[in-house]
**Student:** 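Structure below; questions to follow.
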Amino acid sequence: MKKYFRKGQLMVKVYENKNSMGKAAAEKAAKILVDAIKEKGEANFIAATGASQFEFLHNLTSISSIDWSKLSMFHLDEYVGLPETHPASFRRYLKERLINKVHPGNVYLIKGDAENPELECERLGKIIIQKKIDLAFVGIGENGHLAFNDPPADFDTNKSYLVVELDDSCRKQQLNEGWFENIDLVPKKAISMSINQIMKSENIICTVPDNRKAQAVKNCFEEEISPLYPASILRKHPQVYFYLDKNSDSLINK
């Protein structure tokens, strides 16, 4: 099964399962990155993490046409206070599933255990503000969050990175995905790329599998564009590509 439909100006692609979804999204991502390298000699991208990215990153790192040495990678979000050695660390995730496999030319990771998280936000902000981001990989949280911008998200800040409070539903999602042994171990704060910084990307690929994300996907497309539905802001982006499986697609009113 593969089908396309439009929600307003958005083209949404739906696949039978998360494997075929991840493969199709990876092929689109590869084309964007290869074309950007051909045009400029280099490219910059933002990498997401979490269970929604498993199949996508597996397929992306297997595509031989990408010259990773000409790519610079920025990191979407990370828990405050969590060392890189922790199983839930997104730095560890990216090293295991992306960085150590393809070796991008430059990597800008978020140091979640930095002594001063606010200064870490400033450090990263000074770097990314000098770059044109060609492509951002994102997902949508069960509560509709984009990166770790939980509702109500800050749509107005001009900062590139923020220290954010994680709400209960977000923390329960991290527990239920198996990253932590109990809810008390899930950090209450994170460093997240801001909504406005994500929206500066020339292209955005949003991959969202699984039934547990179906309501958040429906809200993204059908509720008002609002900080209460953070991912709804993607409807304002001219080059966003949505990849769903039949489960995450199940509640959308066609």
**Student:** Is the Lys NZ or Arg CZ of R235 less than 6.0 Å from the centre of F221's six-membered ring, within 45° of the axis?
**Tutor:** no
**Student:** Determine which pairs satisfy ring-ring contact (aromatic ring centres under 6.0 Å, His included) with at least one residue from residues 96-122, sequence neighbours left out, and list them in order.
**Tutor:** F74-Y108
**Student:** Taking atom types as modelled, find out whether D134 and N203 have a side-chain donor-acceptor pair closer than 3.5 angstrom.
**Tutor:** no
**Student:** With no hydrogens and no angle check, do the side chains of S72 and N106 hold a donor and an acceptor under 3.5 Å apart?
**Tutor:** yes
**Student:** Answer yes or no: are there more than 12 heavy-atom neighbours, outside H86 itself, under 6.0 Å from its atom NE2?
**Tutor:** yes
**Student:** Going by atom types alone, do N149 and D154 pair a side-chain donor with an acceptor below 3.5 Å?
**Tutor:** no
**Student:** Does L119, at its CG atom, have more than 12 non-hydrogen atoms belonging to other residues, nucleotides or ligands within less than 6.0 Å?
**Tutor:** yes
**Student:** Do N219 and Q215 get their side chains close enough for a donor-acceptor pair, meaning under 3.5 Å?
**Tutor:** yes
**Student:** Specify whether F90 and H75 have parallel, tilted or perpendicular ring planes, treating 30° as the upper limit for parallel and 60° as the lower limit for perpendicular.
**Tutor:** perpendicular
**Student:** Using side-chain contact (heavy atoms from CB on, under 4.5 Å) as the criterion, point out the one residue from K188, E142, H145 that pairs with C170.
**Tutor:** H145
**Student:** R91 vs D113, test: side-chain contact (heavy atoms from CB on, under 4.5 Å). Steps then yes/no.
**Tutor:** CA-CA 11 Å; R91 284 167 289 171; D113 53 354; 3.1 Å; yes
**Student:** With under 30° as parallel and over 60° as perpendicular, where do the rings of W68 and F45 fit, or are they tilted in between?
**Tutor:** perpendicular
**Student:** Side chains of D245 and S248: any donor to acceptor distance under 3.5 Å?
**Tutor:** yes
